[in-house]
Participant: 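Just dropping this structure here.
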Amino acid sequence: MRAVDIIEKKRDRVALSKDEIEFFVRGYTDGSIPDYQAAAWAMAIVLNGMTSQETADLTLAMAHSGDALDLSGVVDIVLDKHSTGGVGDKTTLVVEPIVAACGLPVGKMSGRGLGFSGGTLDKMESIPGYRTDLTKEEFLKQLKTIGVVLTGQTGDLAPADGKLYALRDVTGTVPSLPLIASSIMSKKIAAGAQRIVLDVKLGLGAFMPDLESARALAESMVNIAKLADRQAVALLSDMNQPLGQAVGNALEVKEAIETLNGGGPADFREHALEVASQLVLLGEAAPDEKKARELATEALESGRALERFRQLVEAQGGDLAYVDDPEKLPKAGIVEEVPAPQSGYLREINAKIVGETSVALGAGREKKGDEIDLAVGVIVHHNVGDKLEEGQPLFTIHANDRAKLEQAREHLLSAHTWSDSPVEPLPLFYGIVK
Ligand code: URA
């Protein structure tokens, strides 16, 4: 078999066989197929797509390209959740403790920020001492003993995806449904997940711009799960405006802890409860959605979820003083509240601009390996549809650099657009794919 023949076949819109896909993935992982051929192949996939069988074959080939975690002897049902990435998305920090408090073990491997979307590991590192580099043995032990783990990837899971993702990032081949679906699902399968809740974001601050493309991605991932003998449900959720109010690492941890304490923004709390309920249902801790929601709500309101979060932080070396008093979390030197420049209804709060502004303040990486500033970010005080009077607080910037703050103010003002007549609030969810 030759790589060039496989590239030409895809270029000419002929579906690839399982053997051909496995040959290509194996060759790219071991270095016998060079980057330039993999880039040409990826571009042919972007342009010509893949059938659902090809997408499933690609996913499994990548999932089997390195280590695989077998959790079957550790927990009865291996649950996982994955968000396709967003702005202000600190959902895992609240959902995982809720689900653990409902009696279901969850061991999650999360990622770092990517572009304008934040990363759970970066956020958790706002808590001094918190380790995100557990070994496989530590991961398994903690999952068995306390039933809640939140760390980075352990071992060499789906290395083909790691390599291909880095290549796609610099060859204009990220936005492709089969490539995104196989990238996400290969990691979940390699990590041993059996039942997965996917939070597929759509809108201005998401990879998928609209409902149609998000639904197609969701359907593809749910279908891959089925072909791989796993079970997945996908929530289609809004990412036109930031989720909750806080965007930026320590600010988001603070908001998550407030939510675990019974406060927090209503939209974020509702989002977290819905994702948690779906996990409780998939994990068979409840017979139906109503009961699953009741259990999740009780876990949050009783403080048991907060207690599980404290347990998680302590187990991974984090200083609990920061959980008990989030005011201690890293703080920016300059905090400026910016008032609404006019009265009216908020028509749009562009999540992408808010995310990019937070990265520019230092909360994310401009390029791989950059240091990030855990303290900086933005608090967006309102939601689309809110009615404001001129001069009311619109957003607050947390910065460590005066020039960056000036730029952030300008960008954030442009992210808010206005209407004189009432504007419908945005839904949190657009549907579910089962
Ligand atoms: N997240 C991933 O893990 N992979 C993609 O391709 C896109 C988002």
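Worth knowing before you read on, the calculation uses all heavy atoms, side chains too, and leaves out hydrogens, waters and symmetry mates. Counting starts at 1 for both ligands and their atoms, in listed order.
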Participant: Salt-bridged, Glu258 to Lys254, with N to O below 4.0 Å?
Facilitator: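 A salt bridge links Glu258 with Lys254.
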Participant: Tell me whether Glu8 at atom CD has more than 12 heavy atoms from other residues, nucleotides or ligands lying less than 6.0 Å away.
Facilitator: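 Check passes, neighbour count above 12.
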Participant: Between Asp122 and Arg365 (salt bridge meaning N to carboxylate O under 4.0 Å), is one present in this structure?
Facilitator: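 Answer for the salt bridge query: yes.
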Participant: For Pro175, what residues pass the side chain to side chain contact (heavy atoms under 4.5 Å, CB included) criterion, not counting sequence neighbours?
Facilitator: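 For Pro175 there are no side chain to side chain contact (heavy atoms under 4.5 Å, CB included) partners, ignoring immediate neighbours.
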Participant: Any idea which residues sit under 4.0 Å from ligand 1, heavy-atom distances?
Facilitator: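 Near ligand 1, by chain and number: Tyr165, Arg168, Ile180, Ser183, Ile184, Lys187, Phe207.
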Participant: Within a radius of less than 6.0 Å around CG of Asp229, do more than 12 heavy atoms belonging to other residues, nucleotides or ligands occur?
Facilitator: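 It does not: Asp229 CG has 12 such atoms or fewer within range.
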Participant: I need the minimum non-hydrogen distance between Met239 and Ala206, along with the two atoms involved.
Facilitator: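 Where Met239 meets Ala206 most closely, the heavy atoms are CB-CB, 4.0 Å.
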